[in-house]
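The structure under discussion appears below in the form of structure tokens.
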Amino acid sequence: MPEKIHLKIKRQDGPDKPGYWEEFVIPYRPRLNVIACLMDIQKNPVNAAGKKTTPVVWECNCLEEVCGACTMVINGKARQACTALIDKLEQPIILEPLSKFPVIRDLMVDRKAMFEHLKRVRAWIDIDGTYNIGPGPRISEKVREWAYELSRCMTCGCCMEACPQVNPRSGFIGPTAIAQVRRFNAHPTGAGEREARLEALMGPGGIAECGNAQNCEKACPKGLPLIKSLAELHQETTLHGVFGWLKR
Amino acid sequence: MWYYRSFFWRKLHSLTGVIPVGLFLLEHFTVNSFATRGPEAYNRAVAFLQGLPFLLAIEIVFIFLPLALHAGYGLWVVYTGSINVRSYPYFRNWMYLLQRVTGVIVLLFLIYHIYALRLARIFTGAEVSFEQVAAHLASPLVLALYVPGLLAAIFHLSNGLVTWAIGWGIITGPKAQTGASIFGGIIFCALTVVGFSFLLAFI
């Protein structure tokens with residue numbers, strides 16, 4: 001059993017500041033997760049060289065892998081720090097902020113881009129207008145099964161980090177927002193905006209930028225059926241693109 | 001319309017890779033395979049192609065333009081991609097990387113191949129024949145270019161067929177996609193056997 005936990009953390013003092021590495025060694029205790037280690041550093045911000053430093057900044061909230069706030073790159077892969085158990089990680093444990101989002105400080109990033117993408121593809125259901133339109137139609141059990149899977153997305157950004165097409169050159173909106181299009185299009189009330197969502201996906205940075213590397217589904221901590229969802233939307237946007245203008 | 005331009009060009013890029021560029025590669029392999037039946041059979045097959053009416057128009061419209069479009073947009077696709085197989089060493093991610101690498105290799109190879117065996121004819125007036133191709137491949141340096149060029153082209157088509165079928169939404173389910181990947185592997189092996197058979201026939 002190791003006596004120490006060795007962490008190597010990519011730090012950055014501010015949005016426009018340069019990044020640098022800082023190492024930390026903390027005493028071993030069984031059954032810790034990465035967040036507990038970060039809390040230890042917060043209590044005693046001294047690096048491995050024994051020099052006093054600033055506490056490492058990170059975000060976390062639910063601590064049970066449903067909010068996605070503590071997502072960071074741990075030993076090369078994007079995942080949640082709360083479910084990254086020290087006893088199962090190879091040391092030194094390397095922590096980096098998600099590289100696909102602007103860094104605010106240390107391990108804290110601004111994931112607003114994903115919210116903007118969700119807005120762009122109309123990832124919501126239009127409900128009552130000026131008066132109550134009553135209950136909507138029921139969702140069939142068959143659709144409910146996979147739509148529920150898609151509803152478990154917590155916009156953590158793991159799929160964005162794993163996707164080689166998500167970068168400033170392509171402007172790809174990534175699997176997060178695209179998968180929600182399939183979900184809301186499948187909803188009987190949400191289907192009213194189906195074409196608007198498909199057309200948003202056919203816009204700049206849309207589904208056509210998908211390169212089929214298919215890392216997204218493997219990186220997704222919630223096991224969303226992303227490969228199938230993207231492929232189904234490839235089909236729908238292709239049909240809409242090929243036949244849409246023939247209907248005009 | 002500008003709003004859909006990336007969608008339009010990407011889909012066209014994907015389609016032209018199969019029709020007509022992929023089909024042309026199969027036709028090219030078929031004709032070249034006559035070399036395995038000896039110089040005369042090959043020369044007869046070439047003479048038939050050379051005798052096609054509207055040959056230049058066919059070459060430009062069905063081969064050169066789609067190829068130029070596929071290659072041009074392909075370079076843009078390479079530029080907008082990135083490499084992360086170290087962190088995510090999965091099969092499809094490797095295929096994603098190899099598709100881009102082989103695409104660039106094929107493009108460089110084709111510039112040389114088309115120049116040496118098609119465009120040079122315009123200046124020298126030499127007719128295509130078994131003897132000419134054999135002389136071309138007699139140089140070990142040229143042959144060394146053809147081995148990776150041929151393999152890259154076969155890979156790019158085999159894997160491209162799979163990603164085209166997914167990208168156009170023809171194959172959507174995970175099981176069907178696995179089946180398509182296996183199918184792509186079989187195509188790769190079969191075309192490699194065919195390709196090296198006729199390449200060796202010229203030596």
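Only heavy atoms go into these numbers, but all of them, side chains included; no hydrogens, no water, no symmetry mates. Residue numbering restarts at 1 for every chain, and letters A, B, ... go by the order of the sequence lines.
Without hydrogens or angle criteria, B:N93 side chain to B:Y88 main chain gives a donor-acceptor distance under 3.5 Å.
Annotation: maximal heavy-atom pairing with chain A below 4.5 Å, among B:I166, B:I171, B:I170, occurs at B:I166. Highest contact tally toward chain B, considering only A:A231, A:A208, A:P164, is held by A:P164 [criterion: heavy-atom pairs under 4.5 Å]. Chosen from A:H234, A:E232, A:E217, the residue pairing most often with chain B at heavy-atom distances under 4.5 Å is A:H234. When A:I227, A:T238, A:V166 are compared by the number of non-hydrogen pairs under 4.5 Å with chain B, A:T238 comes out ahead. When each of A:V242, A:L233, A:N212 is checked for heavy-atom pairs under 4.5 Å with chain B, A:N212 comes out on top.
A cation-pi arrangement, defined by a distance under 6.0 Å to the six-membered ring centre and an angle within 45 degrees of its axis, is absent between A:K228 and A:W146. With a 6.0 Å cutoff to the six-membered ring centre and a 45° limit on the axis angle, B:R100 counts as a cation-pi contact of B:Y96.
If you look at B:H13 and B:F8, their ring centroids are not closer than 6.0 Å. Centroid-to-centroid, the aromatic rings of B:F202 and B:Y42 come within less than 6.0 Å.
Using a 4.5 Å cut-off on side-chain heavy atoms (C-beta onward), B:Q99 and B:W94 make no contact.
Proximity to chain A (any heavy atom under 4.5 Å) is restricted, for B:R10, to the side chain, taken from C-beta onward. In this structure, chain B has heavy atoms under 4.5 Å from both the backbone and the side chain of A:E209. With a 4.5 angstrom heavy-atom cutoff, B:Y79 touches chain A via backbone and side-chain atoms both. Using a 4.5 Å cut-off between heavy atoms, A:S229 does not touch chain B at all.
More than 12 heavy atoms of other residues, nucleotides or ligands shown are found within 6.0 angstrom of OH on A:Y20.
Ion pairing of A:E22 with A:R11 is present here, as a side-chain N (NZ or NE/NH1/NH2) and a carboxylate O approach within less than 4.0 Å.
Under 3.5 Å, the side chains of B:N159 and B:R92 contain a donor-acceptor pair of N or O atoms. No hydrogens or angles considered: nothing links the side chains of A:Q235 and B:T172 as a donor-acceptor pair under 3.5 Å.
Inspection of non-hydrogen atoms places B:G173, B:P174, B:Q177 of residues 173-185 of chain B under 4.5 Å from chain A.
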